[in-house]
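Chain A is the first sequence line, chain B the second, and so forth, proteins listed ahead of strands; every chain is numbered from 1. If you're wondering where the values come from, they're calculated on a predicted model, not measured in any experiment.
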Amino acid sequence: MSDRRGFLGLRGGRAADEADEPDVWRVIQLARHQDRPYPLDYIERLMPEFEEIHGDRLFSDDPALVAGIGRYHDRPVAVIGHQKGRDTRERTARNFGMAGPEGYRKAMRLMDLADKLDMDLVTLIDTPGAYPGASAEERGQGGAIARSMQRMLRLTVPSVAVVIGEGSSGGALGIGVADRVVMLENTTYSVISPEGGAAILWRDAARSRDAAAAFRPTAASCYRWGIVDAVVPEPPEGAHHDYDEAARLLDGYLERTLRELRRQPPDQRRRLRRERFRRIGAYRGAPTEDGSAPAVGSGDGRSPGGE
Amino acid sequence: MSDRRGFLGLRGGRAADEADEPDVWRVIQLARHQDRPYPLDYIERLMPEFEEIHGDRLFSDDPALVAGIGRYHDRPVAVIGHQKGRDTRERTARNFGMAGPEGYRKAMRLMDLADKLDMDLVTLIDTPGAYPGASAEERGQGGAIARSMQRMLRLTVPSVAVVIGEGSSGGALGIGVADRVVMLENTTYSVISPEGGAAILWRDAARSRDAAAAFRPTAASCYRWGIVDAVVPEPPEGAHHDYDEAARLLDGYLERTLRELRRQPPDQRRRLRRERFRRIGAYRGAPTEDGSAPAVGSGDGRSPGGE
Amino acid sequence: MPPHIHISVDRLRRRRQTTQPPASGGEGRACPECGTHFRAEELARNSRVCTSCDYHFPLSAHPRLDHLADDGTWTELWPELRPADPLRFVDLEPYPDRVERAERSGLREAIVIASMRIGGIACLAAVMDFGYLGGSMGAVVGEKLTRAADRAAERALPLIVVTASGGARMQEGVLALMQMAKTIVAVEELRAARVPLIVVLAHPTTGGVWASFASVGDVTYAEPRALIAFSGPRVIEQTTREKLPETFGRAEAQLAHGQVDAVVDRRELPDRLARVLGILRRPAEPEPGAAATWAREGRQRAARAAQALPALSKRLVGRGGPNGDAESTVHEGEDG
Amino acid sequence: MPPHIHISVDRLRRRRQTTQPPASGGEGRACPECGTHFRAEELARNSRVCTSCDYHFPLSAHPRLDHLADDGTWTELWPELRPADPLRFVDLEPYPDRVERAERSGLREAIVIASMRIGGIACLAAVMDFGYLGGSMGAVVGEKLTRAADRAAERALPLIVVTASGGARMQEGVLALMQMAKTIVAVEELRAARVPLIVVLAHPTTGGVWASFASVGDVTYAEPRALIAFSGPRVIEQTTREKLPETFGRAEAQLAHGQVDAVVDRRELPDRLARVLGILRRPAEPEPGAAATWAREGRQRAARAAQALPALSKRLVGRGGPNGDAESTVHEGEDG
Ligand SMILES: [Zn+2]
Ligand SMILES: [Zn+2]
């Protein structure tokens with residue numbers, strides 16, 4: 001933690017090691033710890049002034065996703081984050097951080113504002129997933145997430161997405177298509193929660209530890225896979241033990257990165273952002289990098305189903 | 001009607017005369033005539049192929065406002081229009097052409113598409129006003145109309161708005177912020193319906209003829225006031241007597257105007273569109289056109305309420 | 001023509017009087033909600049909010065400016081703009097008579113533009129006055145708002161808009177309707193210049209004002225219980241035969257429906273605005289602000305664009321002859 | 001690297017077989033809605049729609065292409081792309097075993113790309129196959145769709161996408177999730193090139209596919225009764241304890257909720273698509289199409305951009321070593 005650069009991602013070494021199974025489960029518990037700092041806890045510490053905005057101007061306001069403008073290192077900044085709620089009542093009110101279409105549409109409204117007023121955008125990801133409810137589906141949950149990603153790709157201002165807890169499913173990625181994507185040390189980023197994955201793949205929700213081990217949704221793994229650009233350290237016992245220090249460590253990464261991103265021309269930034277996401281994915285059969293013949297895929301050319 | 005140019009607006013002369021009171025009322029009756037051609041009647045005649053789109057991708061589809069893409073003079077074109085409905089059942093289903101926020105949001109979706117695919121946009125205005133309902137208010141009727149106007153101002157493609165019947169209130173203007181705005185011969189464009197105006201200003205809805213005479217919402221008046229750029233003639237007895245001829249006359253104006261607009265560079269077109277609307281409005285006290293001292297407005301400078 | 005507006009405004013700028021305007025209350029009022037009686041000074045001291053039940057009394061434009069602006073910092077702009085009567089409109093009485101009566105009450109139009117400081121930050125404000133013909137939007141409202149936006153863009157000043165309006169001014173007919181589009185153009189100029197637009201919705205904000213500039217603020221506040229709607233409750237009840245609840249269209253309901261960012265007690269408004277302006281303050285930059293450059297170029301572009309306009313659209317447009325009487329100009333111009 | 005994809009694709013293009021693929025039905029089937037029994041040929045003749053009740057049987061990718069394309073005009077592109085196993089994923093069985101079994105059924109991935117003509121108009125199609133691992137979206141789906149979009153942009157060809165998917169492919173973990181963003185990038189390339197994207201939602205279109213490219217088509221059709229949802233009914237019922245109606249998330253309900261443009265019977269789909277493509281056809285222009293120019297420049301830009309990428313993001317990204325085995329490459333690259 002004494003590393004002045006303040007983020008593991010550029011240290012190399014240990015962070016890039018593959019996490020073993022018990023570690024994965026421990027990280028999942030930490031990422032979901034009910035005392036973990038939530039977006040408003042970071043905002044309170046990073047920004048002397050913050051003004052929350054409300055509503056999508058279409059249907060409603062979604063308390064599961066907070067959005068607002070704040071003063072950050074003497075500049076205006078736009079912030080979006082999943083807010084889970086601390087006690088039972090707030091958790092219910094905030095729907096456990098599961099945003100509906102109204103949340104993503106509020107987020108898009110703030111992105112418009114960020115572009116208009118030339119504000120950097122920071123998103124703080126911490127959700128078990130987008131809200132699975134009939135009403136959310138009727139109002140276009142899928143399209144809301146898709147368009148939020150689309151909107152982020154079109155941003156002219158710099159953007160950084162930070163996984164600060166649980167980053168699960170499209171609900172997380174909906175606000176995650178940024179110039180830089182980073183994870184705090186004890187967080188997860190995954191296609192599905194371990195319970196959900198266990199229920200589907202093992203047909204037994206109780207086998208979530210197996211699912212966790214298989215998904216390996218830790219910061220270390222995601223860093224290895226190129227999903228995130230850096231891993232931001234937390235205080236020694238985890239972010240929930242020292243909010244101030246957790247915020248300070250995040251600040252170290254954030255301020256430096258936004259400054260760096262601002263140096264790029266907007267068009268270049270947008271191009272690189274597209275390229276960043278376009279390149280993700282491992283597969284076989286691609287042509288080699290010098291453009292010569294493909295390694296796999298020769299054959300008679302008949303469509304496989306037609307034989 | 002035999003004028004090959006096919007639009008009164010550029011003929012000058014009679015069309016620019018001030019209509020007298022009985023004429024105004026007659027035009028109002030014609031504009032609302034239940035047999036008048038509606039957008040789909042024109043579309044059927046002007047476009048060999050047309051595909052309607054549905055839904056705002058947010059909440060619902062609004063049948064009071066039809067939107068779609070069609071083939072027009074061998075080019076793709078986007079069309080939006082208020083559709084009133086012909087028989088009682090259809091009139092109810094289409095809400096008498098009173099669009100809700102979903103209608104304006106569907107329209108905006110089509111505007112996005114027009115911009116993306118470089119299609120000219122044509123809007124056909126025929127509404128007693130935007131739908132006055134509690135649910136419409138709850139879903140942001142005001143903001144929907146405002147944003148639809150905003151979206152039209154941002155269009156990169158050419159746009160023409162045509163009042164084909166009744167153009168009443170913000171519900172009409174919501175799809176009326178185009179490069180060119182024109183009215184068919186027997187149509188009206190007004191801040192409010194005569195009945196609504198009578199109820200408010202005369203405190204007696206029965207005095208709608210008085211209101212009509214005062215508002216003078218005819219094509220001739222609107223042309224004189226600079227609200228519309230041209231008046232497109234109708235068949236001798238009115239558009240409802242000959243749909244084919246009405247469509248042919250509209251076609252004559254539309255095709256020529258879109259071709260002319262396409263010749264302008266998009267940025268210039270957008271600038272001129274802004275300027276067009278920005279200049280509307282008569283008031284006293286403006287500086288003279290050469291920038292010399294103002295005609296009115298000298299005084300002690302105290303704010304008028306502060307004396 | 002808009003480009004010329006910029007040239008002459010500074011000469012027209014007026015120093016404000018710091019005395020309390022009488023428009024703010026008269027001799028005293030009883031709260032319509034709880035019946036508590038207040039003397040005018042009491043009410044004014046509490047920003048015309050009931051100390052018992054927090055009812056927000058109407059606040060006209062000048063006292064509103066006194067309330068929002070840092071002490072003694074507001075200066076009215078373009079107070080000389082007055083309505084014309086392009087339709088020669090007569091309902092139960094001629095439009096000019098209505099205007100005259102409204103002016104006799106001490107107001108000059110339904111909107112007042114001022115430059116000012118809030119929390120030390122320079123900005124412009126456009127404040128509507130329901131007391132003047134129901135805060136209705138005619139050509140003067142559209143023009144003043146457009147000038148305010150132009151100046152805000154040119155000088156990179158945030159624009160604060162406080163609305164209170166029954167909608168378009170019917171006596172100006174379809175020309176009033178068109179002010180909706182005109183004010184949206186103004187908002188677009190702010191966007192191009194990257195200048196913040198903060199909207200405060202006071203009671204009532206309805207019709208064409210809500211359906212144009214009032215609903216597209218970057219940040220939007222509403223005063224408690226302000227009615228915010230395109231169609232008013234009576235029109236809706238008549239058309240749809242629904243019985244609307246007391247809460248229909250009120251600020252609190254509009255917040256729940258995602259239409260405003262917050263409901264803010266009037267007494268907290270100056271601090272709240274100061275905070276937002278503080279957040280949105282641009283950092284000092286070495287290069288000249290893009291906004292200022294844009295506005296300068298914008299003016300030149302607008303002048304060029306005007307040349308290219310089809311003759312038709314030049315009619316009745318931001319005009320006003322040397323004698324300041326647009327009305328007669330209109331008819332001379334058109335009938336001749 | 002994407003820029004190189006364009007260079008090699010033409011060599012990889014395969015002529016299609018015109019024989020009827022067996023994947024379309026086997027020996028015969030009973031309609032699950034009305035019980036009517038059909039022989040395979042009967043079903044195929046009616047586009048696998050029940051002649052009694054209009055139930056739409058699932059249609060796998062190749063017969064779908066036969067159905068949509070003008071006779072004999074479709075040619076598959078990039079059939080050689082195969083999943084890697086970057087997570088060395090094992091649930092009830094190893095991921096590669098699932099892949100192998102899926103391939104044994106005659107399919108090669110959950111999406112098939114083809115160039116073709118519809119109503120005489122050249123276009124590209126990307127057709128998903130629910131029969132291959134539930135139509136799940138892994139890296140190959142993302143990559144193929146991206147290549148299809150690149151080519152569509154480059155050659156100014158409309159892209160038709162037919163979806164049928166349970167969502168992201170869990171066995172590829174968070175890398176599968178990221179394909180959502182990747183496909184949205186692909187859609188953005190189409191936008192930049194002004195190329196139409198027509199989406200047809202077949203049963204079922206759920207999860208990450210609905211929440212990415214499937215929901216942002218320029219025109220969007222759905223097949224009758226297709227389930228279209230981000231969260232499936234079972235998940236919703238478990239989470240919210242609501243009992244959902246039969247109609248939940250079905251095409252007809254999504255139409256009512258404004259999420260699709262029309263519900264189109266499969267038998268009318270080819271004509272409907274031909275009509276839309278006909279409408280959107282660009283007029284013959286003297287100058288070279290902007291789209292083609294864009295794509296050409298785009299390729300050069302992408303190559304330059306790749307140089308500028310931070311080293312981090314180059315990991316595990318569109319890779320595949322000379323031996324075609326990305327899996328081992330990954331682990332060598334990272335552990336070393
Ligand atoms: Zn009271
Ligand atoms: Zn059947």
- Query: Can you check whether R272(D) reaches E51(B) side chain to side chain, under 4.5 Å on heavy atoms?
  - Reply: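 When only atoms from C-beta onward are counted, E51(B) and R272(D) do touch, with a gap below 4.5 Å.
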- Task: Taking the side chain as every heavy atom from C-beta outward, state whether P76(B) and R282(D) have any atom pair closer than 4.5 Å.
- Result: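 The answer is yes; the side chains approach within 4.5 Å.
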- Query: Heavy-atom count around R262(B) CZ within 6.0 Å, excluding the residue itself: above 12?
  - Reply: yes
Taking every non-hydrogen atom, the tightest pair across [X] and [Y]:
X	Y	answer
R191(D)	D112(B)	NH1-O, 4.4 Å
R71(B)	L280(D)	NH1-C, 4.1 Å
D74(B)	R281(D)	OD1-NH2, 3.7 Å
V195(D)	L117(B)	C-CD2, 3.7 Å

- Query: What's the spacing between K116(B) NZ and D218(D) CG if we round to 0.5 Å?
  - Reply: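 Interatomic distance, K116(B) NZ to D218(D) CG, rounded to 0.5 Å: 3.5 Å.
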- Roughly how far, to the nearest 0.5 Å, is the CD1 atom of I69(B) from the CZ atom of R275(D)? 9.0 Å
- chain B neighbours within residues 199-216 of chain D, where any heavy atom lies under 4.5 Å away: none
- Message: Does anything in residues 257-266 of chain D reach chain B? List residues with heavy atoms under 4.5 Å apart, or say none.
- Response: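 Residues H257(D), G258(D), Q259(D), V260(D), D261(D) are the ones that qualify, each having a heavy atom under 4.5 Å from chain B.
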Given heavy-atom pairs under 4.5 angstrom as the criterion, report whether the side chain, backbone, both or neither of [X] touches chain D.
X	result
D115(B)	backbone
F50(B)	backbone
R109(B)	side chain

